[in-house]
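Notes follow the structure.
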2 protein chains.
Amino acid sequence: MSDQYEDQSLCPIVHSTGLVGDRWSILIVRELLMGQGRFQDLQAQTGATSQMLSARLKRLEADGIVERQTYSEKPLRYEYRLTAKGLHLMPVILALRTWGERWVKPEGAPAAVRMFHRVCGSELELDGNCPVCRRLAPWTEMAGRPDEAWLTERKTRAETFTENLKKAACGARESDQ
Amino acid sequence: MSDQYEDQSLCPIVHSTGLVGDRWSILIVRELLMGQGRFQDLQAQTGATSQMLSARLKRLEADGIVERQTYSEKPLRYEYRLTAKGLHLMPVILALRTWGERWVKPEGAPAAVRMFHRVCGSELELDGNCPVCRRLAPWTEMAGRPDEAWLTERKTRAETFTENLKKAACGARESDQ
DNA sequence: AATCGTCAATATGATTTTCATAGTTACATA
DNA sequence: TATGTAACTATGAAAATCATATTGACGATT
């Protein structure tokens, strides 16, 4: 599919998938929505290689979906954040969540995140329906609370990742000699 | 990312993107939701090569998202349809539509599809809100009406595709001699 | 009874993308 | 001085995708 074709099509799906139509971009957006914006966190939680992550972040930045911000001047360190355009991908992530929980995840597994209706405090159904307000809650009124099991999974993944980094560094030093 | 990792993660996004986390799969689902189920239509409207399309359809079928049905015994011909699991990807497509229309498509371009609220007949806002019922319409209550301009685009694409097929066939015959 | 057209694919070899693994830079800390 | 940390970049191998051509079963046309 040529760029021309993509730019000129009236189909919004063509345009959307042109920017976020791949696994890594979506997982990066998920992670940024979770509040994790540092390179290593993104790498650990998405499972992308550093060069894949670097390439995707550059593209997402060029497309105005994320922005890079300095969080430390010395040493110079950056983190990534969603722009307004990126934040508005939340409904896409939520739709993938709903489908994944219902149609893909093994039965009986707990939901990774429980969603609540901020205006009334009650827990939302998987499709976003509020049983108290008796209507679909807009995503701007939702608040998520991650399940303990999922937090544990994430913590484990982060630890495993840094351990592997250390091992690799050790190996490098040994072979230096 | 290993299969093990994917199967065992609690994150529904990981599971979803494992099945439909690529451009072609999403465009195929879009096309099937439009009611186009034949191989050549899918190829023409998505722009995928025939072998890419073939590979993706096989995977989508293996994952229970589409099913292949015979629509002609002789000559033997097949078409593809969404299963219930596949139909429930509609909210994902709708979310990509909303985002694409608002954040990606050039300003002023008409929406490819206008959405209506089946229970009251009024046109929905881009985010799915019904101005008459004053609530978000669930996707099961929505009906889409493609814009003329988009239908034209699609028709043109289909014609161009079959023309190219004919040209290729001519070339083959000439070189046969 | 040849030839042509249709549809759902396959085959092939080149090109591009992604991967695993390792290394770099610039600073902080022990 | 050695060690650690964060955000990358480099390289060559492996895998995915591409453009292009071709197949096989049948029906319709000349």
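We name chains A, B, ... by the order of the sequence lines, and we start the count at 1 in each one. It should be emphasised that the depicted structure is a prediction, and the values quoted were computed from it without experimental measurement.
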In whole angstrom, give the distance that lies between atom [atom1] of [X] and atom [atom2] of [N].
X       : N       : atom1 : atom2 : result
K166(A) : dG4(D)  : NZ    : P     : 8 Å
Q43(B)  : dT20(D) : CD    : C1'   : 12 Å
L57(A)  : dT9(D)  : CG    : C1'   : 14 Å
L53(A)  : dA6(D)  : CG    : C1'   : 13 Å
N164(B) : dA19(D) : CG    : P     : 12 Å
K74(B)  : dG27(D) : NZ    : P     : 6 Å
R23(A)  : dA15(D) : CZ    : C1'   : 16 Å
E73(A)  : dA26(C) : CD    : C1'   : 14 Å

Closest listed nucleotide, where the reference is the side chain of [X] and the choices are [options]:
X      : options                  : value
M52(B) : dA9(C), dA6(D), dT17(D)  : dT17(D)
R77(A) : dT5(D), dA19(D), dT9(D)  : dT5(D)
R38(A) : dA7(D), dA28(C), dT12(C) : dA7(D)
Q51(B) : dA9(C), dT12(C), dA7(D)  : dT12(C)
S50(A) : dA22(C), dA9(C), dG27(D) : dA22(C)

Indicate whether OP1 or OP2 belonging to [N] is found under 4.0 Å from a side-chain N or O atom of [X].
X      : N       : value
T49(A) : dT21(C) : no
W24(A) : dC19(C) : yes
Y71(B) : dA8(C)  : yes
R68(B) : dA9(C)  : yes
Y80(B) : dA9(C)  : yes
K58(B) : dT10(C) : yes

Exercise for the section: Find which nucleotide of DNA chain C each of P75(A) and D22(A) is nearest to by heavy atoms, and output the residue with the more 5' nucleotide. Expected result: D22(A)
Handout entry: Pair E153(B) + R157(B), salt bridge at N-O below 4.0 Å
Key = yes
Problem - Pair E79(B) + R81(B): basic N to acidic O under 4.0 Å - result: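 A salt bridge is present here (some side-chain N lies under 4.0 Å from a carboxylate O).
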Problem - Any donor-acceptor pair under 3.5 Å from R59(B) side chain to S25(B) backbone - result: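 The answer is no, because no donor-acceptor pair under 3.5 Å joins these two groups.
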Practice task
Please check if the side chain of R118(A) supplies one atom and the backbone of T140(A) the other of a donor-acceptor pair under 3.5 Å.
Solution key: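 Answer holds: yes.
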Exercise for the section: Give me the one residue out of E148(B), E123(B), E101(B) that meets salt bridge (Lys or Arg N to Asp or Glu O under 4.0 Å) with R114(B). Expected result: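 Testing each of E148(B), E123(B), E101(B) against R114(B), the sole residue satisfying salt bridge (Lys or Arg N to Asp or Glu O under 4.0 Å) is E123(B).
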Exercise for the section: Describe the nucleic acid contact of Y78(A) in one word from base, sugar-phosphate, nothing, applying a heavy-atom distance below 4.0 Å. Expected result: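 Sugar-phosphate contact only - Y78(A) comes under 4.0 Å of backbone atoms but never of a base.
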Problem - Parallel, tilted or perpendicular: ring planes of W103(B) versus H88(A), cut at 30 and 60 degrees - result: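 The arrangement is tilted - the two ring planes meet at 30° to 60°.
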